[in-house]
Amino acid sequence: MSNTPKELVVNWHITEACNYKCDYCFAKWDGNSKEILHSQFKVEALFEQIENIRHLLNKKSQMIYFDKLRLNLVGGETFLYGRQLEDIVNLSKKYGFKLSAITNGSLFNVENIELIAKNFSSIGISVDSLNEQTNLAIGRASKKGVFNPSEVLTAINHVKKYSPNIEIKINTVVNKFNVSEDLSNFIAQIKPKKWKIFKLLPVYSNKLVILDQEFSQFLQRHSNFESIISAENNDDMTESYLMIDPLGRFFQNGLADGYNYSAPLWETSAEMALQQINFESKKFINRYKRII
Ligand code: SF4
């Protein structure tokens, strides 16, 4: 049986810090140490272990061969610490990682548009609403202003001009405030390769939660985009992807509320750390074959 080559995706939440204050924000981890993106030494040690994950999984799998690794940078807000982000990009090149990122779309500027166009294979933007009042109500606003869809559109057009093959992805969390909205025009203009639509889970915000039926209506309203929509919940994410927190630890949904953590990967091996979160490679690979 021949092994199918696949790209292994490792998600690293580089920081918890964000300029927005979304009511349902799930970017919160336990621990008091300094986030490791501020230490080149720790980031390099982390990257060594990230590369080891690919080799470890390849040894265990009969069906899949992970020929590439894509490091997906997540936040907090990924573009908040520009200098540290540049260091991460340079180090990723040294390790041969492909790069992608998720951003709230508020910090695009000339420098990071160029950084994205030159170095990232895909960029995901969180867009819940096109309406100023709705974005304010959700908390998608900073001291400098409210989420601005036309600025995002302009920035993405610039990125595409420099890097026509870059994949654009949109993430939307459907909640009480945006559940009746129609995002079709924006999606038609931005032409993403994928539109991930999440139903807000009560664990992240009780007050903004919606019914299954309301979620289905939201999907129905956007059925023209069926071919690019993938509807998932955040539990799917934490269980189907390898997730690393800002302190460099693997994390996974625990049995009770909250996450299980491994020791930081900059001070322990990937093999040990995976054992500490009861990672089951067979289960992971099977799920991976279905969703990636
Ligand atoms: S933009 Fe993302 S990280 Fe920032 S507050 Fe909102 S959900 Fe949290």
Side-chain angles (χ1 to χ4, degrees), residues 11-31 35-38 71-82 84-85 88 100-109 112 116 120 122-149 151-153 155-156 168-179 181 183 186 190 192 194-210 231-238 241 243-247 249 251 253 257-259:
N11 293 279
W12 177 26
H13 291 262
I14 60 175
T15 181
E16 192 173 299
C18 184
N19 53 340
Y20 280 1
K21 300 236 166 336
C22 302
D23 180 84
Y24 58 73
C25 183
F26 42 85
K28 294 183 177 76
W29 296 271
D30 299 338
E35 297 184 335
I36 69 164
L37 86 158
H38 302 292
L71 185 61
N72 186 36
L73 305 176
V74 205
E77 173 43 38
T78 328
F79 291 91
L80 203 58
Y81 296 112
Q84 289 86 339
L85 183 64
I88 290 169
S100 57
I102 312 281
T103 171
N104 65 23
S106 64
L107 298 176
F108 285 123
N109 58 29
N112 60 39
I116 295 166
F120 287 66
S122 98
I123 182 93
I125 306 127
S126 304
V127 181
D128 288 355
S129 172
L130 310 177
N131 180 291
E132 190 172 315
Q133 289 312 314
T134 309
N135 278 312
L136 270 173
I138 294 172
R140 301 195 81 79
S142 70
K143 285 183 202 136
K144 293 192 175 154
V146 189
F147 175 80
N148 185 332
E151 274 176 22
V152 168
L153 198 56
I156 291 304
I168 308 299
K169 298 179 184 172
I170 300 295
N171 292 344
T172 300
V173 177
V174 188
N175 60 75
K176 199 170 138 195
F177 290 129
N178 65 352
V179 69
E181 206 168 321
L183 302 182
F186 178 79
I190 213 150
K194 204 172 196 182
W195 184 13
K196 280 191 186 177
I197 305 183
F198 303 91
K199 175 175 175 274
L200 179 74
L201 295 177
V203 63
Y204 299 114
S205 168
N206 254 325
K207 71 175 204 257
L208 298 192
V209 84
I210 53 163
E232 31 182 312
N233 67 41
N234 288 305
D235 282 342
D236 287 339
M237 266 195 83
T238 43
Y241 299 80
M243 318 279 289
I244 297 173
D245 80 348
L247 303 187
R249 307 169 297 182
F251 70 94
N253 276 347
D257 280 356
Y259 294 128

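Counting starts at 1 for both ligands and their atoms, following the listed order.
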* Structure fact -> The salt bridge (charged side-chain N to carboxylate O under 4.0 Å, His left out) partners of Asp23 (sequence neighbours excluded) come to Lys207
* side chain to side chain donor-acceptor pair (under 3.5 Å) involving Trp195 - partner list, sequence neighbours excluded ->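 Partners of Trp195 by the side chain to side chain donor-acceptor pair (under 3.5 Å) criterion, ordered by chain and then number, come out as Thr172.
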* Asked: Residues in ring-ring contact (aromatic ring centres under 6.0 Å, His included) with Tyr81, at least two apart?
  -> His38
* To do: Decide if atom CD of Glu132 counts as having more than 12 heavy atoms of other residues, nucleotides or ligands within a radius under 6.0 Å.
  =>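 Count not over threshold, so no.
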* **Residues in the immediate environment of ligand 1 (any heavy atom closer than 4.0 angstrom)** =>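 Contacting ligand 1 under 4.0 Å are Cys18, Tyr20, Lys21, Cys22, Cys25, Gly76, Asn104, Arg140.
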* Asked: Once you round to the nearest 0.5 Å, how far does CD1 of Ile244 lie from CD1 of Ile14?
  -> 12.5 Å
* **Parallel, tilted or perpendicular: rings of Phe251 and Trp29 (30°, 60°)** => perpendicular
